[in-house]
Chemist: 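Mind looking over this structure? Questions follow.
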Amino acid sequence: MSIHELESKCRKLQELKDFENEVKAEIAAMENEIKALMQEQDTEELTAGQYIIRWATVLTNRFDTTAFKKVMPDVYQAYTKQITSRRFTISE
C-alpha cells in the first residue's frame with residue numbers, strides 16, 4: 001500500500017469516526033428526550049405502538065478495589081496481574 005493510499009484510508013477512517021460520533025450524539029439526544037418524558041410521567045415503562053420502552057432502576061454489587069487496596073495492600077498486590085495490550089491510534 002502506497003503512502004497516498006494509506007493517507008486516503010486514514011482520511012476515510014476519520015470521516016467515518018466523525019460520522020459515528022454524530023450518530024452517537026443523535027442517539028443520546030433521542031434517548032434523553034424519551035427519558036425526560038418518562039420522568040415527567042413518573043414511569044419506568046411506556047408502550048408506543050409495537051415498542052415497549054423501559055427505563056428501570058437496576059441494583060448491582062461491585063467490588064470496591066480502591067478501598068480493598070487501602071485496607072489490604074499486600075493481598076491486593078498478590079492478586080493483581082499485569083496485562084499487555086496494544087492501542088491503535090491515528091493523529092494529525
Side-chain angles (χ1 to χ4, degrees):
M1 180 180 313
S2 71
I3 294 297
H4 178 70
E5 290 171 323
L6 184 57
E7 182 182 21
S8 178
K9 284 195 181 296
C10 289
R11 186 177 303 110
K12 180 65 176 175
L13 181 59
Q14 187 60 50
E15 289 171 6
L16 289 171
K17 286 185 177 211
D18 291 344
F19 180 68
E20 176 186 31
N21 290 335
E22 290 174 21
V23 170
K24 283 181 178 180
E26 191 172 339
I27 289 169
M30 285 184 178
E31 287 177 346
N32 288 335
E33 285 181 48
I34 295 168
K35 289 175 185 177
L37 174 66
M38 294 177 82
Q39 210 164 19
E40 285 174 16
Q41 295 184 11
D42 193 31
T43 186
E44 289 190 351
E45 183 173 301
L46 285 175
T47 302
Q50 67 184 23
Y51 300 100
I52 299 171
I53 307 157
R54 291 184 184 91
W55 187 34
T57 302
V58 178
L59 298 176
T60 58
N61 293 312
R62 301 207 178 179
F63 189 74
D64 187 349
T65 56
T66 304
F68 184 74
K69 184 178 180 180
K70 288 179 184 176
V71 175
M72 303 186 87
D74 295 337
V75 176
Y76 175 82
Q77 188 63 39
Y79 287 92
T80 301
K81 65 179 177 179
Q82 190 174 50
I83 297 173
T84 302
S85 63
R86 295 173 68 178
R87 182 175 294 150
F88 179 77
T89 60
I90 299 174
S91 57
E92 289 185 59

Chemist: Counting only N and O atoms by type, is there a donor-acceptor contact under 3.5 Å from the side chain of E5 to the main-chain atoms of S2?
Modeler: yes

Chemist: Under 6.0 Å from the NZ atom of K9, do we count more than 12 heavy atoms belonging to anything else shown?
Modeler: no

Chemist: Check step by step if side-chain contact (heavy atoms from CB on, under 4.5 Å) holds for I90 and F88.
Modeler: CA-CA 7 Å; I90 299 174; F88 179 77; 3.8 Å; yes

Chemist: Taking all non-hydrogen atoms of both residues into account, name the closest pair between T80 and Y76 and its distance.
Modeler: OG1-O, 2.5 Å

Chemist: Any Lys/Arg nitrogen of R11 or E15 sitting under 4.0 Å from an Asp/Glu carboxylate oxygen of the other?
Modeler: no

Chemist: A side-chain contact here means heavy atoms from C-beta on lying under 4.5 Å apart; do T47 and I53 qualify?
Modeler: no

Chemist: Can you list the residues that meet the side-chain hydrogen bond (donor to acceptor under 3.5 Å, both in side chains) rule with R62, with sequence neighbours excluded?
Modeler: none

Chemist: Do V71 and F68 sit in the same hydrophobic cluster, where Ile, Leu, Val, Met, Phe, Trp and Tyr count as joined when their side-chain heavy atoms come under 4.5 Å apart?
Modeler: yes

Chemist: Considering residues, nucleotides and ligands other than L6, do more than 12 of their heavy atoms fall under 6.0 Å from its CG?
Modeler: yes

Chemist: With sequence neighbours left out, what residues match D18 under side-chain hydrogen bond (donor to acceptor under 3.5 Å, both in side chains)?
Modeler: Q14

Chemist: The criterion is side-chain hydrogen bond (donor to acceptor under 3.5 Å, both in side chains); which residues satisfy it with E45, sequence neighbours excluded?
Modeler: R54

Chemist: Inspect the surroundings of CZ in F63 and state if more than 12 heavy atoms from other residues, nucleotides or ligands are less than 6.0 Å away.
Modeler: yes

Chemist: Quick check: do V23 and N21 have side-chain heavy atoms less than 4.5 Å from each other?
Modeler: no

Chemist: On a heavy-atom basis, which atom in L46 and which in M38 lie closest, and how many Å separate them?
Modeler: CD1-CG, 3.4 Å

